[in-house]
There are 4 protein chains.
Amino acid sequence: MTQDTTKIATFFGCHSPHLIDCLVTYCYSVGMARPKSEDKRNAIMEAATRAIASQGLSASTALIAKEAGIANGSLFTYFETKTDLFNQLYLELKTEMTAAAMKDLPESGDLRKQVFHAWSNWIYWAVSNPYKRYALRQLNVSDGITPATRSAADKVAVEFNDLIKRIRAHGSLQTAPFSFVGALLNGLAEATIVTMVNDPDNAEKHCKTGFETFWRAIS
Amino acid sequence: MTQDTTKIATFFGCHSPHLIDCLVTYCYSVGMARPKSEDKRNAIMEAATRAIASQGLSASTALIAKEAGIANGSLFTYFETKTDLFNQLYLELKTEMTAAAMKDLPESGDLRKQVFHAWSNWIYWAVSNPYKRYALRQLNVSDGITPATRSAADKVAVEFNDLIKRIRAHGSLQTAPFSFVGALLNGLAEATIVTMVNDPDNAEKHCKTGFETFWRAIS
Amino acid sequence: MTQDTTKIATFFGCHSPHLIDCLVTYCYSVGMARPKSEDKRNAIMEAATRAIASQGLSASTALIAKEAGIANGSLFTYFETKTDLFNQLYLELKTEMTAAAMKDLPESGDLRKQVFHAWSNWIYWAVSNPYKRYALRQLNVSDGITPATRSAADKVAVEFNDLIKRIRAHGSLQTAPFSFVGALLNGLAEATIVTMVNDPDNAEKHCKTGFETFWRAIS
Amino acid sequence: MTQDTTKIATFFGCHSPHLIDCLVTYCYSVGMARPKSEDKRNAIMEAATRAIASQGLSASTALIAKEAGIANGSLFTYFETKTDLFNQLYLELKTEMTAAAMKDLPESGDLRKQVFHAWSNWIYWAVSNPYKRYALRQLNVSDGITPATRSAADKVAVEFNDLIKRIRAHGSLQTAPFSFVGALLNGLAEATIVTMVNDPDNAEKHCKTGFETFWRAIS
DNA sequence: CATGAATGAGCGTTCATTCAT
DNA sequence: GATGAATGAACGCTCATTCAT
């Protein structure tokens, strides 16, 4: 018997072993057949990331399925269409990237230090996850990513953006559209990442330089 | 129709306008005049630019040919493969963009003014040629663009880069790899362009802000 | 819920409505009451009829299952294959149609009146059950219906056919193959039905005209 | 040199051999590359007819192409979609059938003789072209045949229908909708054909019986 | 050199059927 | 017995490229 069934039984305030047996049978008998596996979904996501990294957005669903170790058609149990998969992947990668940036952010203290912390997290996540970074870059220019997905992706970055808004508040870009600051930040991050990847021996230095350049730009 | 072909037609004792039209074409086809291939090549390039802008890199060669007003197969007398076409297009667009940036550059005088001139030219070229900009952005992330093409594209920008190198010589980025500065510049330009396109009423202001941000970043 | 299951639930000392619901299902599933399979079989048959009416014979088993309110795979515990389902459906619809035709047939009396009674019943059944009629029409031309099914379908109509044979006995078609008379009757019925459906205001008149036409044809 | 080119040259009133040579070259050079072959179109039509006869409407385009002796994709140079092919095939078969029925129709004389002539032609065409008849029957119940195609098919039968209208003018079905008479005729023809196919030794007799039955029905 | 029909591998997606739960 | 995820062959259709005309 699985933990889940026991939980359900307990939820109903029932400890009779026989009744629990009924429940087990019941659970199997109604709507509990082989649940969609989170593992498999993740495998598809990862396979798609790798496939996009190596073939671009024209990577075939067949390749993605094969890389994920599932049958051709199974992909469509998890994602309605290729476009749907790509939209979900885009959102997931953006979410992961943002979460990585905000990880262990010092809650208070020097604003500069906070931003540098987030910057470093971000940059190192990108450098450590080259496939994800590359896939994100491709998905970013794809026509298939819907406005809804893009706006959802913006929403996950709200905390991060608040941070940026706070630094902007005192510098030369107070009156510039926020989107300009965001794009500037992205561009600088991209430049920094590429530089670090090309010259990993001085990675830390380049990361710092990138940040300082950003700080000057926004001052 | 040229005088020459009329003469030839008359020589054959034929005055039917349609037949003369045939003759004109025939005369061109047997090399009596230079074939219009340069025109056709350009038409394909432009058609490809538009097609990429509207359909992405997956725009079919059939569509491109149709837009260029030529037959399906004729495209392949001008470009060996689709990839070849895209490589040449990439190089041509980059060349055109660079040339636009360097146009009428004041040969001497204040360095800041020179750079601002190039910056403005660049940004305005991009804003005025949205299809080309969009196509360039797509081609830039394409797997099909060969390293050879990319390095050729770098070469056409040598003059422009020299300019950048001269400003870098005195600021905080003296020791940063030049590629970092280039990527920074690209990122900032992209950010500026998008901002201008979204808010065309303040285009000039955004162009200036972008430049000043770059100047601070590099100082 | 039946009294029986409530008793069982009480026996287990449990009064949660949801859990009792579980138990009811469980009790059924272990054979404490006859499984509702007959109901489900019928639900599938009806669902298939509707599905064929709306999508043709290419209606998917998934759609049929969904319309029947059962799971995808459950369909195959009631029918070995899709073809099997269609064969059974064909036979069932033909049987129902024939039964409808023969309903309340006056046992004796004027032969013409008897036949008109059956004709009317038949035609009105078809007009009142458009989905069934449509499905039957599609199944009739399907390659999947086996000769065995077709001959079984003929057998259920034996009583009806006897009636027809009795009228034939005195007319111009005495020596024609019976199958010709059957096909003639079918063709006329189909023509009558369509005419009635297209002009329902004169349905009764068209039904009569159809019958009289048949009577003349067979005289 | 082909006949066609000579014709064109003559049309232009030009007999100079050299000029004709120009024309040949010209014709090839503009818009005269491998014209869509009528033969191939017909081969596809015939292949589709056979495929539908053996597999029903679910016959795959791949099979049709293979049977037609062309590549998979070539089918789509001749027909935009499978549905398009089926619509054109339906119209063509109906047209052929109608033309067969009306062939060598005696222009004047006994109406009964005229109709019998058409009836015989029709029935014998169907009996001699079993694939076509079968395909037509399948296409007739297909959801993919558009109303436009159906109405076009009606139009080709206008002459035939006029004949029927003339016999109807004096019998019991004067006030019945014409569509009823048409459906009656179809039904009877179908019944007659099947009977003939099943008992070819008495084909002629069955054909006559069918006609007489029709004549009685309509009287 | 221009043309567009021909090619066939490949695409995204569907679906009857199986089977672990 | 019920479930629905899993399967993989097939489907209709597209497309870069070739080549007869």
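Labels below follow one simple rule: chain letters A, B, ... track the order of the sequence lines, proteins then strands, and each chain is numbered from 1.
- Considering only side-chain N and O atoms, B:Lys40 lies under 4.0 angstrom from the phosphate OP1 or OP2 of E:dA2.
- Remark: the backbone N or O of C:Gly56 is not paired with any side-chain donor or acceptor of C:Tyr134 at under 3.5 angstrom.
- For the pair B:Thr77 and E:dA2, the criterion of a side-chain N or O lying under 4.0 Å from OP1 or OP2 is met.
- Here E:dC15 presents its P atom at 9 Å from CG of C:Leu63, a figure rounded to the nearest Å.
- Proximity of a side-chain donor or acceptor of C:Asn72 to a complementary backbone N or O of C:Ala62 within less than 3.5 Å is not detected.
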Next on the checklist: Set out, in order, the CA-CA distance, both residues' side-chain angles and the distance that settles side chain to side chain donor-acceptor pair (under 3.5 Å) for B:Thr149 and B:Thr146, then state yes or no.
Outcome noted: CA-CA 5 Å; B:Thr149 301; B:Thr146 63; 2.9 Å; yes

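- Listed nucleotides F:dA2, E:dG4, F:dA6 differ in distance to A:Ser74; the shortest reach to its side chain belongs to F:dA6.
- At whole-Å resolution of the value, CZ in A:Arg41 and P in F:dA6 are 13 Å apart.
- Under a 3.5 Å cut-off, the side chain of A:Lys82 and the backbone N or O of A:Thr61 do not form any donor-acceptor pair.
- Protein atom CD1 of B:Ile70 is 12 Å distant from nucleotide atom C1' of E:dG4, rounded to whole Å.
- The two atoms that bring C:Ile52 and C:Ala135 nearest to each other are CG2-CA, 3.8 Å, heavy atoms only.
- When the C1' atom of F:dA2 is taken as reference, atom CG of C:Leu75 falls 13 Å away, rounded to whole Å.
- Sorted by first then second residue, the salt bridge (charged side-chain N to carboxylate O under 4.0 Å, His left out) pairs that include residues 65-80 of chain B, not counting sequence neighbours, are B:Arg50-B:Glu67.
- Under 4.0 angstrom from either OP1 or OP2 of E:dA2 there lies at least one side-chain N or O belonging to B:Tyr78.
- If you measure from atom CG of D:Asp39 to atom P of E:dA6, you get 11 Å, rounded to the nearest angstrom.
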Checklist entry - salt bridge (Lys or Arg N to Asp or Glu O under 4.0 Å) between B:Arg41 and B:Glu46: does it pass, once the steps are laid out? => result CA-CA 9 Å; B:Arg41 209 192 89 103; B:Glu46 273 162 39; over 6 Å; no

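- Between the P atom of F:dT14 and the CD1 atom of B:Ile64 lies a distance of 17 Å, rounded to the nearest Å.
- Rounded to whole Å, the distance from CG on B:Asp84 to C1' on F:dT17 is 13 Å.
- Side chains of B:Ile64 and B:Leu85 form a contact here, defined as non-hydrogen atoms less than 4.5 Å apart.
- Distance CZ (A:Phe79) to C1' (F:dA6): 16 Å, rounded to an integer number of Å.
- Among the nucleotides F:dT3, E:dA2, E:dT3, the one closest to any side-chain atom of C:Ala71 is F:dT3.
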Checklist outcome for this item: Symbol by symbol from the 5' end, with Watson-Crick or G-U pairs under 3.5 Å, [ ] crossing and | another strand, DNA chain E is .||||||||||||||||||||

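- Between B:Phe79 and B:Met45 there is a side-chain heavy-atom pair separated by less than 4.5 Å.
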Protein-nucleotides 10-13 of chain F N/O pairs closer than 3.5 Å?
from, atom 1, to, atom 2, distance (Å)
F:dG12, OP1, D:Lys82, NZ, 2.7
F:dG12, OP2, D:Thr61, N, 2.8
F:dG12, OP2, D:Thr61, OG1, 3.1
F:dC13, OP2, D:Lys82, N, 2.8

